[in-house]
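Right, one structure below, let's go through it.
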Protein chains: 2
Amino acid sequence: MDLFVSKYFNKIDKKGRISLPSSFRNVLPKANRNEIILYKSIKSPSIEGCGVGRLKEIAKRINNLDFFSEDYDDFSTSIFSEIVTTNVDKEGRFLIPEALKLYAGIKTEAAFFGQGHFFQIWEPKQGLKNTEDSRKRLLKEKKSLRMMLTQQK
Amino acid sequence: MDLFVSKYFNKIDKKGRISLPSSFRNVLPKANRNEIILYKSIKSPSIEGCGVGRLKEIAKRINNLDFFSEDYDDFSTSIFSEIVTTNVDKEGRFLIPEALKLYAGIKTEAAFFGQGHFFQIWEPKQGLKNTEDSRKRLLKEKKSLRMMLTQQK
DNA sequence: CATATACCCATTGACGCCCATATAATCCCA
DNA sequence: TGGGATTATATGGGCGTCAATGGGTATATG
């Protein structure tokens, strides 16, 4: 499986370390399995994360913008300066930077939610509430959900 | 990681030295890891910096502008004639030339902002404000920022 | 000779690496 | 197929190393 799926609830220890779920670690390319990138989610009080390979793709896209335009700086600043890289130790743990923990309201525990090509880290209660809420929104349009689930390739 | 990412706030000591963030040092080619180039940003009151290898890339970009346009001369002059090279000492510190500190309003502390293939140095408060401003501009077009982050190859 | 800058050494706190344990999952063989 | 044994995962903690910062002194350069 090369996608981030399922959800996990892990603890932050005294040193601030938290385990990246084992199944998530296996999604990371064997080459850079000891480094992930984190950034504030744009649309929710959560942290998003993924392997460094994804960052390189983003870099390429930005590089294709007109270098002398204002957009270039806006994207470059909002993305590169907001992204942090963190090292995953041999036990599979990493540090969530203080600023990001603050943004997501995370203290002693965090919830990991697989999102396919990336994952989200939430304060557990907020994360669960968010899952409920988004499911409710989907059910309001039952039809579209049913279609999504039953549609054959 | 071979990109300048994240942001750092470091102090300038009595001798005028400031640490180039360790993660930035690692982006510099192992060969010329003790030398960086600095120049005034054209678009903001900040200093831009990168490894010496990046010079070629800058030249290329300027070359892509229309040679007979005013822009060409302006960019060419503004950038090339303003570039200074600085040495990074064994502890990873360097001196920001007086003229550049003045241009950016930097006094006792400076903020480093990763920008992918280069980085910016700001007076901390102005730098933070700039980040906010550019994020606001982008959020007006939520779709574009989201696309940049989530688009699949 | 005077000022600026490079080199060397020191300090402090944060982080990485290593080792340890408990619980859970998997295996393997009788 | 059952049950003990092996492996993996999440978690805890010691300790050495590195990064950021401070300062003394040699050296260069005008």
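Residue numbering restarts at 1 for every chain, and letters A, B, ... go by the order of the sequence lines.
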Item checked: Minimum side-chain heavy-atom gap B/Gln115-A/Thr77 below 4.5 Å -> yes
Margin query: Could you tell me how far apart A/Phe24 (CZ) and D/dA10 (P) are, to the nearest whole angstrom?
Written below: 11 Å
Check: Between A/Ser22 and B/Tyr8, who's closer to the 5' end of DNA chain D by nearest nucleotide?
Finding: A/Ser22
Next item on the list: Could you state the atom-to-atom distance from CG of B/Leu95 to P of C/dC7 in whole Å?
Entry: 12 Å
Check: Think A/Lys90 has a side-chain N or O under 4.0 angstrom from the OP1 or OP2 of C/dG16?
Finding: no
Next item on the list: Grab the CG-P distance between B/Leu20 and D/dC18 for me, whole Å please.
Entry: 18 Å
Notebook entry, point to check: How long is the span from the CD1 atom in B/Ile42 to the CD atom in B/Glu48, to the nearest 0.5 Å?
Noted result: 7.0 Å
Next item on the list: Please figure out whether B/Lys15 or B/Gly92 has its closest DNA chain D nucleotide nearer the 5' end.
Entry: B/Gly92
Notebook entry, point to check: For the pair made of CD1 in B/Ile18 and P in D/dG23, what is the distance, rounded to whole Å?
Noted result: 16 Å
Notebook entry, point to check: NZ of A/Lys14 versus C1' of D/dG14: gap in Å, rounded?
Noted result: 12 Å
Item checked: Proximal nucleotide (of C/dC19, D/dG23, C/dC15) relative to the B/Arg93 side chain -> D/dG23
Check: Whole Å only: how far is the CZ atom of A/Arg33 from the C1' atom of C/dG16?
Finding: 20 Å
Margin query: Students often get this wrong, so: under 4.0 angstrom with heavy atoms, is B/Asp89 touching a base, only sugar-phosphate, or nothing?
Written below: nothing
Next item on the list: Identify which nucleotide among D/dA20, C/dG16, D/dA10 has an atom closest to any side-chain atom of A/Asn10, counting heavy atoms from C-beta outward.
Entry: D/dA10
Note to self: Under 4.0 Å, counting only non-hydrogen atoms across every strand here, what does A/Ile12 touch: a base, just sugar-phosphate, or nothing?
What the structure shows: nothing
Next item on the list: Run through A/Arg17, A/Lys15, A/Lys11 and flag the one making a side chain to side chain donor-acceptor pair (under 3.5 Å) with A/Asp13.
Entry: A/Arg17
Item checked: Between C/dT23 (P) and A/Lys11 (NZ): distance, integer Å -> 13 Å
Note to self: Under a 3.5 Å threshold, yes or no: a donor from one side chain and an acceptor from the other, between B/Tyr103 and B/Ser46?
What the structure shows: no
Notebook entry, point to check: Among the nucleotides D/dA20, D/dG22, D/dG12, which one has an atom lying closest to any side-chain atom of B/Arg17?
Noted result: D/dG22
Check: Using 30° and 60° as the class limits, which term best fits the ring planes of B/Phe24 and B/Phe119: parallel, tilted or perpendicular?
Finding: tilted
Notebook entry, point to check: Rounded to the nearest Å, what distance is computed from the CD atom of residue A/Glu91 to the C1' atom of nucleotide C/dG16?
Noted result: 10 Å
